[in-house]
Amino acid sequence: MVCLTRADMLRLLDYACSLGADFAEVFCQRQSETCLSYESSRVERLLAGVESGISIRLVRNGDTVFATTNSSDLDVLLDLVRQAAGVMHSSSGNAVARLENSALCNEPRDGLPIVANLIMRVASGIDETARSASPRVTQVRIVASEMTRKIMVANSEGTFAQDDRHLTTVSAMVIAVRDQQRELGVYSPGRACPLDEFLTRHPPDQIGQSAAHLSLIQLDAVPAPIGAMPVVVGNGKGGALIHEACVHPLEGDFVGRDNSVYRGQLGEMIAAAGVTVIDDSVGVSDYPGTYRFDDEGSPGQATTLVDRGRLCSYVTDRVSAARLKHPLTGNARRQSYEHLPLPRMSNTFIAAGELDPEEIIAATRSGLYARQVSGGEVNQITGEFVFRISEGYLIENGKLGPPIRPTTLVGCGPNVLLDIDMVGCDLELASAQCGKGNQLVTVGVGQPTIRIREMVVGGTRA
Amino acid sequence: MEPERRRELLNSIVDHVMRLGADEAEVFLVRTWMHQVRIFNRQLEVVRGSMTEGLAVRANVQDRQGHLYVSPAGISARSLAKAVISLARHTVSDRARRLPRLTDVVHLPELNCRARSTGLRDKADFAQRAEAAALAHSPLIVGTEDVEYVDYDQETVIINSHGAFLCQDLSFSVLGVTVVSDEDGTMQSGTSYGYSPVPGDFNPEQVGIDAAERALRIRGARPRPSAQVPVVFDPFTAAGLIRIIAGSFDADAVMRGRSRLQGRVSEQVAGSNVTIVDQGNLQGAPAFSVFDGEGVMTGRTVLVGTGILQDYLRTAYAANCDGLTPTGNARRRSFRALPEFGPTNFYLEPGQVHPQHLYNNLTEGLYAQELQGLHLANRVSGDFSVGVTGQWIRNGELAEPVRGITVAANVFDLLLDIDQLGNDLRFVPQIGPNRASFGSPSIRVRSMVVSGKD
C-alpha cells in the first residue's frame, strides 16, 4: 500500500466516472531521501526527508483536470474528485478550487529514514581521489543523494501498477587553479539503483578522477574555433545530441499539437541510413530511465524510434497516443505526484554501428572531437538545438590535437541527423537531467562514437 | 486549523528538539496553493489545482546542524526531534551554522491572496484572451505551443528557539505564451510573459501580441557567415546572461574561492555605466518576499555601482563567517531544501535611451532575441557559448532574420564592454514560488565574435 489501499483507489475512480469523466486516474507516491553535501573535506550539510502525495486526473473530451494533495484521507480525496469533476463540466461556472486540508493536526505517524553511513564514506573517497589527482586541484565539492520512491497508479480502464524505484546521484565539482585561471569540472553520474549497487558501476575513485580531469584539462585548453566543420562526438554522454536533435521533437505532445519539426513524417527518412535510435526503459540495466511501469501504469518497453534512418515511432503517453491514434509506447513520466505525466524519454540511444572509433577520427582531416558532453537544449518547433562540449580536442590531419575550451555546437536537427556519416561500434550510456514543461526527470542517454559532416562551432578563435 | 493551534504545534516541535539536547531549533512550515490553466486551440486543455504542505526542522547541536523534512506535516514532534538530532551529530561542527538571531514576531496581513479566491473560469478566460489576441495578430501566425497561466498563494511560517515567529502570505501570477509563425512550411516561435503579484493584474492581450510579434520578426531565419560585430541583446536575453554570474556575488562562494569577484570590493569590475542590484522587497517584482528562507528581512543591495564592486550577498551562514549582517538572500527552493544562497530580484539597472538607439546608428550588427544553451554556461569563470536566433542589423535597421549561429564570450569581460543600455528594464518571471527572477534592459556590447556558416 502506498498512501491508499487499492479498494480506496477504485472507489475514487468509480466516483469520478459517475460524475462524468471519460477517464480517471489516481496516482500515489511515497518517497524518502538522504542528501549530503561534502566540501572542504568534511560533511557540511546532511538532509533527510519523507514525502507522500496523491494526484487525481480526470479527462473528458480530451481535456484534463488535475488535482494534487498531500492528504490521504478518503473523505478529503472524494471531495477533491467532486471539485475536479465540477471544474470539468464547463457549465459549472466559476469554480474556486478549495483545498484547505492540513495534516498538521492528524494522527501522528512514524517511519523516518535513518542516516546511511555509506553515503559519507563515498563522499570522502571521491574527495581524496580528486585532490590527489593534482596539486592544482584546490576545491572539491560533492553532493550525493539517494532516493527511494514507491508509486501506485490505477485508472478507470482497469490498469493497476506498483513500482519501487531508486535513484542515486552523485555530483562531483572540482576546481583547478593556475595563476589567475580558475577552472570548474563537473561529473555527475546517476543510476536507478540503491547506493551500494551504484558504487559497483561508479566507484568513488572513478568519480573523483573524472571530475578532476575535466577541470585540469581546461588549464591547457586553447580557444575553440569558429565556423562550420566536421564533428566527431564521443560515446556515452554524447548521446545528448540525439536526445535534443531527434527525440524531443518526437514526443507525442508536441507532435499532437502540430508543433514538431518532424510532424507528419512517420515512414520518412529523417536520418542517415546508418542511424537507428531506440528508447528503452526495460533492457538497459539501471540507467536512470529504467522502470517496469511508466507513471501511468503502462508497461515499460524498448521502442525503435528510427530504424536505419526511417522514422517509425513517436514517443507517447495516453493522451498523445489517443490524439495521434498511435501506439502507446510506455513513456509517460512525471517529476512527482505534483506533476502531470508528459511523454518523456527513458533511456535513449543510437544503436551501435560497425566502425572502430579510432578509424572515425583517422578519417577526419580536420574538425573537432567532442569526447565529453555536458548537456543541450532544443527548440522542438524549429528543430534548432545546441549541445555543450565539456571536453573536446581539435582534429588535425586525422589525429587529435590540443584540448579546446568548453564550447557549444549549434545545428538544426533534421540537417544534422542526415549528416551523420560514420557510426562506431562502441555504444555506451550515461545519465543526464532532462527539463521539459517545468519538470525535471533523470534519463539515460547514449551512443557509439559518431561523426557529423558539419556543425557550427561556437568558439572564440576567429 | 486556527493559527493559534498551529503555532502551538510548531512550538511543541521546537520544544522537543531543545529538550533532546539541541542548542538551537527552527521549524519551517509552508503551504502552497497552485493553479494552472493551459489553453490550446481555444480549448481548456489542462486545469490543475494543487495544495502542498511541507514542514522542515533544523537543529543545531554543538554547532552541528541537521535538517529534516516531512510532507504532509503530520508526524509526531518526538519522532521529528529524534531524527533531526541524529542527523546533526554526523555533520562537522561549524559556529557559522548558528541560526540568525531572529526574535521578531511578524505576522503580516494577507498581502494579496487573491489566487485562492479567483475562480478557475476567470483564469481560463485570461489565458484564452492571450491566445486569441496572438492568433488574430497576423495570418502568418499558425498556432500556439504553450499558453499557460499559473498562480499561487504561499503561506510561510518560521518559528525558532529564540522566540521568533514570522508568517507571510504571498501571491503571484504569471502568463507565458509561445506562438508559432510559418514561412513556407518552416516554423519559428516567439515567447513572451506577463506577471503580477495580484493574480491577473496585467494585460493578457498584450502578452499574446508581444509573443506574436517576436515569432513574426524571425520568420524565415537562416544561418549566415561568421563575423565580428556589435551585438544588441534584448532584455530577455540580457537577463539570461546576467544570471550566469549571479552566483559570483554569493559571499560564501567568495570565501571558498569559487568566485572571480573575490577580493575585488571597491575595484572596477564593470563599465561605469553598469549598476547591478539585488532587491528582495521590490514591490511588484516577480521574486518579491518580505523575509527570506531563514526569516531574515529582505532588502536592497547594490552589488555593482557605476562599475565598482560594492558588496556581496549573504545568507546567515556567510554573515556569521565574516561578521557582517545577512542580506536576506537565503532561499529554500521548497520545504525539502536547505536554505542556500539565492538571488531575489537580480537586475541590471536601465539606461536612459530608447532601445532603438542601441542599433539605429550601426552599419552592421546582430540583434539577439533568443539564446540557446544558457543553462550550460560556466558559472565560475563566466564563459558562455550560446546559439542565437534574432535579426541582422543593417544600416540602422533590423533586417534579415538569422539563426544557427553562436556567440561566445565571458560575462565578466562583457560587463566591461557594454557601450549602451536601453531604458526598457524587464524581468523574466519564474514559473513557481521560491525562485529568483532576473532582469535587464536591452544592452549593446561593443564587439563580439559571431560564429556561423559560409
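All chains are named by letter (A, B, ...) in the order of the sequence lines, taking the proteins before the strands, and each is independently numbered beginning at 1. Computed from a predicted structure; not experimentally measured. Just the heavy atoms: all of them, side chains too, but no hydrogens, waters or symmetry mates, feed the values below.
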Of all residues at least two apart in sequence or in a different chain, which pass the side chain to side chain donor-acceptor pair (under 3.5 Å) check with B/Q43?
none
Please state whether the side chain, the backbone, both or neither of B/V37 comes within less than 4.5 Å of a heavy atom of chain A.
neither
Measuring heavy-atom distances to chain A, does B/E8 have an atom under 4.5 Å in its side chain, in its backbone, in both, or in neither?
neither
With a 4.5 angstrom heavy-atom cut-off, which part of A/L340 approaches chain B: side chain, backbone, both or neither?
side chain
Would you mind checking which part of B/S259 comes under 4.5 Å of any heavy atom in chain A, side chain (CB onward), backbone (N, CA, C, O), both or neither?
backbone
Is there side-chain contact between B/M51 and A/S71, with at least one heavy-atom pair below 4.5 Å?
no
Are the side chain of A/E384 and the backbone of B/G404 linked by a donor-acceptor contact shorter than 3.5 Å?
yes
Give the minimum heavy-atom separation between B/A408 and A/G458, together with the two atoms involved.
CB-O, 3.2 Å
Give a yes or no answer on whether the side chain of B/R38 reaches the backbone of A/T64 with a donor-acceptor pair at less than 3.5 Å.
no
As an exercise, state the distance from CG of A/L47 to CZ of B/R58, rounded to the nearest 0.5 Å.
11.0 Å
Any side-chain heavy-atom pair of B/V380 and A/I175 under 4.5 Å
yes
At a heavy-atom separation under 4.5 Å, does A/Q380 approach chain B through its side chain, its backbone, both, or neither?
side chain
Run A/E244 and B/Q372 through side-chain contact (heavy atoms from CB on, under 4.5 Å) and show every step you take.
CA-CA 12 Å; A/E244 304 294 354; B/Q372 264 192 328; over 6 Å; no
Indicate yes or no for a side-chain donor-acceptor contact from B/S385 to the backbone of A/T408 under 3.5 Å, with no hydrogens or angles considered.
yes
Does the side-chain contact (heavy atoms from CB on, under 4.5 Å) test come out yes or no for A/L36 and B/H90, once each step is laid out?
CA-CA 10 Å; A/L36 164 146; B/H90 290 281; over 6 Å; no
In terms of heavy-atom proximity below 4.5 Å to chain A, should B/V180 be classed as side chain, backbone, both, or neither?
side chain
Indicate yes or no for a side-chain donor-acceptor contact from B/D383 to the backbone of A/P406 under 3.5 Å, with no hydrogens or angles considered.
no
Side chain A/T382, main chain B/M187, donor-acceptor under 3.5 Å
no
Answer yes or no: is there a donor N or O on one side and an acceptor on the other, between the side chain of B/E145 and the main chain of A/I381, under 3.5 Å?
no
Less than 4.5 Å to any heavy atom of chain B: does that hold for the side chain of A/N438, its backbone, both, or neither?
side chain
Heavy-atom check, side chain of A/N379 versus side chain of B/E370, under 4.5 Å:
yes
A/L46: which of B/L68, B/V84, B/L338, B/T91 passes side chain to side chain contact (heavy atoms under 4.5 Å, CB included):
B/T91
Nearest heavy-atom pair of B/L87 and A/A48: which atoms, and what distance?
CD1-CB, 3.9 Å
Using a 4.5 Å cut-off on heavy atoms from C-beta on, say whether the side chain of B/R260 contacts that of A/Q180.
no
Lys/Arg N to Asp/Glu carboxylate O, A/E33 vs B/R336, below 4.0 Å
no
Answer with side chain, backbone, both or neither: which region of B/R379 has an atom nearer than 4.5 Å to a non-hydrogen atom of chain A?
neither
Measuring heavy-atom distances to chain B, does A/V457 have an atom under 4.5 Å in its side chain, in its backbone, in both, or in neither?
backbone
Do A/V43 and B/V92 come within less than 4.5 Å of each other through their side chains, counting heavy atoms only?
no
Residue part contacting chain B, namely of A/N61, when any heavy atom lies under 4.5 Å
neither
Check each atom of A/S72 against the heavy atoms of chain B and say whether the ones under 4.5 Å are side chain, backbone, both or neither.
neither
State, yes or no, whether a side-chain contact exists between B/R256 and A/R141 at a heavy-atom distance under 4.5 Å.
no
Just wondering, do A/E338 and B/T52 contact through their side chains at under 4.5 Å, heavy atoms?
yes
Any side-chain heavy-atom pair of B/D94 and A/R42 under 4.5 Å
yes
Please answer whether the main-chain N or O of A/I226 pairs with a side-chain N or O of B/S451 as donor and acceptor at a distance below 3.5 Å.
no
So, the part of B/R64 with a heavy atom under 4.5 Å from chain A: the answer is neither
Sorted by chain and number, sequence neighbours left out, ring pair (Phe, Tyr, Trp, His ring centres under 6.0 Å) with B/F335 holds for B/Y69
Is the backbone N or O of B/S71 less than 3.5 Å from a side-chain atom of A/E51, with the two atoms forming a donor-acceptor pair by type?
no
Please identify, among A/C35, A/G227, A/S55, A/A228, the residue contributing the most non-hydrogen atom pairs under 4.5 Å to chain B.
A/G227
A/N70 side-chain N/O to B/E53 backbone N/O, donor-acceptor pair under 3.5 Å:
yes
So does B/R219 have more than 12 non-hydrogen atoms from other groups sitting under 6.0 Å from CZ?
yes
With only heavy atoms counted, which part of B/T186 is less than 4.5 Å from chain A, the side chain, the backbone, both or neither?
neither
Heavy-atom distance under 4.5 Å to chain B: side chain of A/R263, backbone, both or neither?
side chain
